[in-house]
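None of these values were measured; they are calculated from a predicted model. FYI, side chains are in, hydrogens and waters are out, and symmetry mates aren't considered; it's all heavy atoms of this structure. A, B, ... follow the sequence lines: proteins, then strands. Residue 1 opens every chain.
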Number of protein chains: 2
Amino acid sequence: MDRYNQKFMEKAIQLAKENVKSGKGGPFGAIVVKDGQIIAEAMNEVTPSNDPTAHAEIVAIRQACRDLKTYQLEGCEMYSSCEPCPMCLGAIYWARPDRVYYAGTRKDAAASGFDDDFIYQEMELSPEKREIPFINIMRNEALEAFKDWDESELKIHY
Amino acid sequence: MDRYNQKFMEKAIQLAKENVKSGKGGPFGAIVVKDGQIIAEAMNEVTPSNDPTAHAEIVAIRQACRDLKTYQLEGCEMYSSCEPCPMCLGAIYWARPDRVYYAGTRKDAAASGFDDDFIYQEMELSPEKREIPFINIMRNEALEAFKDWDESELKIHY
């Protein structure tokens, strides 16, 4: 196992507990660490901010990137009080920190009524068979946008 | 297949093309529709906003929820110029629109150099074996936050 700093995870869990105690949001906290320093810390803010994407990991990633003035988190580590849901896992892959430490699991989240495990299961189904149907239409028209991208001299790859 | 409105998808694809033409961001556009009206439209803004989570779908969901003053999109449909990546799929499940129409596929995105398909593959691996390792530590400590949540009388479930 990689070395980790217990104090960073204690901080993430403390944020989760504070969020429950204040009634602000779900039992989730996350921090981003760079060079041994916390550069972002966040709690789940879905209900107070009317933003279903405001999970602790997403809020922390956005904050860290804003402060670092970059859209990449190379050289950073994330500590999350719970296993990231598919949304947050995807966000982590796009932000590309070096590694992620998590404490609670998707099953623990499910036991407290959260959809994390359900969403992981839904992703394995073919798109049109999901509880929220994903329906593929007009693919040929969309390919033009990718062709434009491939030929663009202005593009910044991310 | 569910009925869909071709003009809505044409609009999403038009947003994707405009984004490439202006050099602002990736070849992706998305809109949210409610009661036959567009209530949010967005382009990929990752690089100009230094926000790796600013995919078109995420930006559109956040905008729609902000305007509707809710964290749920029941009764809404999403049109995306491309199959949502795992991050956006997760966001869609948390926002809970009725259905999603998409045009390009994850393979089309991969052919233009985007990680969507790679991330879908990574999710199927056990957490510690991924290219970005996900390492489980201190689970027992995290369970206290879930216990607090279960017992909380202040909580708002989402």
Side-chain angles (χ1 to χ4, degrees), chain A residues 1-2 4 9 13 16-17 20 23 27 46-47 50-53 58 61-62 65-66 69-71 81-82 85-87 89-95 99-105 108 112-113 115 119 123 132-139 141-143 145-146 148-150 152 154 156-158, chain B residues 1-2 4 9 13 16-17 20 23 27 46-47 50-53 58 61-62 65-66 69-71 81-82 85-87 89-95 99-105 108 112-113 115 119 123 132-139 141-143 145-146 148-150 152 154 156-158:
Chain A
M1 182 186 293
D2 294 81
Y4 67 91
M9 186 57 88
I13 294 172
K17 289 183 181 177
V20 176
V46 168
T47 52
N50 278 331
D51 180 355
T53 75
I58 300 270
I61 287 170
R62 299 181 78 222
C65 287
R66 193 166 52 236
K69 296 183 173 54
T70 173
Y71 49 89
S81 70
C82 187
C85 80
M87 173 178 71
L89 184 148
I92 287 162
Y93 268 86
W94 291 114
R99 65 188 62 78
V100 178
Y101 297 101
Y102 67 96
T105 70
D108 299 331
S112 285
D115 281 349
I119 301 173
M123 299 187 79
I132 299 177
F134 282 58
I135 303 153
N136 192 203
I137 61 174
M138 297 173 62
R139 181 179 169 212
E141 289 85 339
L143 292 178
F146 286 113
D148 292 348
W149 173 261
D150 293 342
S152 170
L154 295 174
I156 300 171
H157 197 75
Y158 54 89
Chain B
M1 182 186 294
D2 295 78
Y4 66 91
M9 186 56 88
I13 295 172
K17 290 183 180 177
V20 176
V46 169
T47 52
N50 279 331
D51 181 355
T53 75
I58 300 270
I61 287 170
R62 299 181 78 221
C65 286
R66 194 165 50 236
K69 296 182 173 53
T70 173
Y71 49 89
S81 69
C82 187
C85 78
M87 173 178 72
L89 183 149
I92 288 162
Y93 268 86
W94 291 113
R99 65 189 62 79
V100 177
Y101 298 102
Y102 66 96
T105 71
D108 298 331
S112 286
D115 281 349
I119 300 173
M123 299 186 79
I132 297 177
F134 282 58
I135 303 154
N136 191 203
I137 62 174
M138 298 172 62
R139 181 179 168 212
E141 289 85 339
L143 291 177
F146 285 114
D148 291 349
W149 173 262
D150 294 341
S152 170
L154 295 173
I156 301 170
H157 197 76
Y158 53 90

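The greatest number of non-hydrogen atom pairs below 4.5 Å with chain B, out of A/L89, A/N50, A/I58, A/L154, is found for A/N50. Between chain A and the residues B/G90, B/A91, B/P27, the largest count of heavy-atom pairs under 4.5 Å involves B/P27.
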**OP:** Start with the C-alpha distance between A/Y93 and B/C85, add both sets of side-chain angles, then the distance that settles side-chain contact (heavy atoms from CB on, under 4.5 Å), and finish with yes or no.
**Re:** CA-CA 11 Å; A/Y93 268 86; B/C85 78; over 6 Å; no
**OP:** Apply side-chain contact (heavy atoms from CB on, under 4.5 Å) to the pair B/D150 and A/S112, showing each step before the final yes or no.
**Re:** CA-CA 6 Å; B/D150 294 341; A/S112 285; 2.8 Å; yes
Original post:
Between A/V100 and B/I132, is a side-chain contact (heavy atoms from CB on, under 4.5 Å) present by the stated rule, with each step listed?
Top reply: CA-CA 7 Å; A/V100 178; B/I132 297 177; 4.2 Å; yes
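We find the CZ-CG distance between A/R66 and B/D51 to be 8.0 Å, quoted to the nearest 0.5 Å. Here the straight-line distance linking atom CD1 of B/I119 with atom CD1 of A/I92 works out to 10.5 Å at 0.5 Å rounding.
The side-chain hydrogen bond (donor to acceptor under 3.5 Å, both in side chains) check on A/Y102 picks up nothing, with sequence neighbours excluded. In this structure A/T105 satisfies the side-chain hydrogen bond (donor to acceptor under 3.5 Å, both in side chains) test together with A/D108, sequence neighbours excluded.
For A/L143, the part lying near chain B is the side chain, with the backbone staying farther off; criterion is any non-hydrogen pair under 4.5 Å. With a 4.5 angstrom heavy-atom cutoff, A/D115 touches chain B via backbone and side-chain atoms both. For chain B, the nearby parts of A/T47 are the backbone and the side chain; heavy atoms of each come within less than 4.5 Å.
You'll find the side chain of B/V20 reaches within 4.5 Å of the side chain of A/S152, heavy atoms only. The closest side-chain heavy-atom distance from B/M138 to A/Y4 is below 4.5 Å. When side chains are defined from C-beta on, A/M9 counts as touching B/I137, because their heavy atoms get closer than 4.5 Å. Looking at heavy atoms from C-beta onward, A/F146 lies in side-chain contact with B/C82 at the 4.5 angstrom threshold.
Ion pairing between A/D148 and B/K17 fails under the 4.0 Å rule for side-chain N and carboxylate O.
The backbone N or O of A/A103 sits less than 3.5 Å from a side-chain atom of B/N136, completing a donor-acceptor pair.
Between A/G104 and B/A142 the shortest heavy-atom distance is N-CB, 3.3 Å.
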